[in-house]
Amino acid sequence: FPKSFNKGRPRQERKQLLRRSLEPTSLFVKNPPVNRFDAFGLYGAFGAVCRCQALAKFGLGQSIAADDLADQALSDAKSFGLGGADGGPEDAIRHCAWACSMARDPRTPDFLTIGHFYEDCTGSSGASRSMDESNNLFGALISSSPGSCADVCHQAFLDGFLTILPVFTP
């Protein structure tokens with residue numbers, strides 16, 4: 001919006017006008033606009049720039065499905081209360097459950113490519129990337145196992161099959 005848009009308008013009114021003007025766009029990309037810095041609602045698992053790239057590479061359906069499954073995997077991993085959101089048990093279970101869920105979901109046929117893409121977008125490197133890729137692959141491999149992906153991945157962690165960074169080794 002031009003600078004004149006802000007002139008003389010109360011902050012609340014500007015926010016309402018901005019939301020109303022972007023409503024159709026926000027419905028298209030699923031997320032509601034949060035602020036003027038994220039006017040198109042492109043925040044989420046991939047981040048704004050990566051979300052745009054994901055839309056171009058995988059299409060709207062796969063991108064939204066992958067994002068929804070990532071949110072669910074994060075929630076499920078946190079529910080076990082193991083901690084270690086960055087390189088620890090929670091992170092390992094989250095990657096495993098996300099890959100497993102995407103492998104099971106017909107809306108995400110490019111699930112392994114999406115996992116690699118996510119690692120590229122987040123700038124993951126070294127041991128952290130290796131850990132994430134390993135847990136993504138394990139999640140895809142166990143996707144045919146009975147039970148919820150989160151429960152199967154949690155058990156896999158308890159049995160020592162998931163990779164965590166040495167910092168989190170008990």
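The minimum heavy-atom distance linking C153 with A97 is given by the pair SG-N, 3.3 Å. When all heavy atoms of A150 and D76 are compared, the pair lying nearest together is CB-CB, 3.5 Å. Taking every heavy atom of both residues into account, R104 and I142 meet most closely at NH2-O, 4.4 Å. Among all heavy-atom pairs drawn from A99 and A140, the shortest one is CB-N, 3.9 Å.
Considering CG of N136 and CD1 of I114, their distance stands at 11.0 Å, rounded to 0.5 Å. Taking CD1 of I93 as the reference point, atom SG of C96 lies at 8.0 Å (rounded to 0.5 Å). The CE atom of M102 sits 10.0 Å away from the CG atom of D110 when rounded to the nearest 0.5 Å. Atom SG of C149 sits about 9.0 Å away from atom CG of L69, to the nearest 0.5 Å. In this structure, L112 CG and E133 CD are separated by 9.0 Å, a value rounded to the nearest 0.5 Å. For the atom pair I164 CD1 and D91 CG, the distance stands at 10.0 Å (nearest 0.5 Å).
If you chain together ILVMFWY residues whose side-chain heavy atoms come under 4.5 Å of each other, L74 ends up in a group of its own.
At distances below 3.5 Å, at least one donor-acceptor pair connects side-chain atoms of N135 with backbone N or O atoms of T163. With S63 contributing its side chain and G59 its backbone, the two residues share a donor-acceptor pair below 3.5 Å. Listed for the S75 side chain is no donor-acceptor partner under 3.5 Å among the backbone atoms of Q72. Using a distance-only test at 3.5 Å, with no hydrogens or angles considered, no donor-acceptor pair links the side chain of T108 to the main chain of F111.
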For side-chain contact (heavy atoms from CB on, under 4.5 Å), just list the numbers for D132 and E119, CA-CA rounded to whole Å, side-chain angles, deciding distance to a tenth of an Å, and then say yes or no. CA-CA 8 Å; D132 293 345; E119 297 307 320; 3.1 Å; yes

side-chain contact (heavy atoms from CB on, under 4.5 Å) for Q53 and F117? Distances and angles first, verdict last. CA-CA 9 Å; Q53 292 171 348; F117 177 82; 3.7 Å; yes

Output, in order, the C-alpha distance, side-chain angles, deciding distance and verdict of side chain to side chain donor-acceptor pair (under 3.5 Å) for Q155 and D159. CA-CA 6 Å; Q155 189 59 51; D159 294 341; 3.0 Å; yes

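H154 is linked by a ring pair (Phe, Tyr, Trp, His ring centres under 6.0 Å) to F80, counting only residues two or more places apart in sequence or in another chain. Not counting sequence neighbours, the partners of R107 by the side-chain hydrogen bond (donor to acceptor under 3.5 Å, both in side chains) test are D105.
Ion pairing between a basic and an acidic side chain is recognised when a charged N comes within 4.0 Å of a carboxylate O; R94 and D71 show no such pairing.
Between Y118 and W98, the angle of the ring planes goes over 60°, which puts this pair in the perpendicular group of the 30/60° scheme.
Hydrophobic clustering (ILVMFWY, side-chain heavy atoms < 4.5 Å, transitive): L137 and M131 are in distinct clusters.
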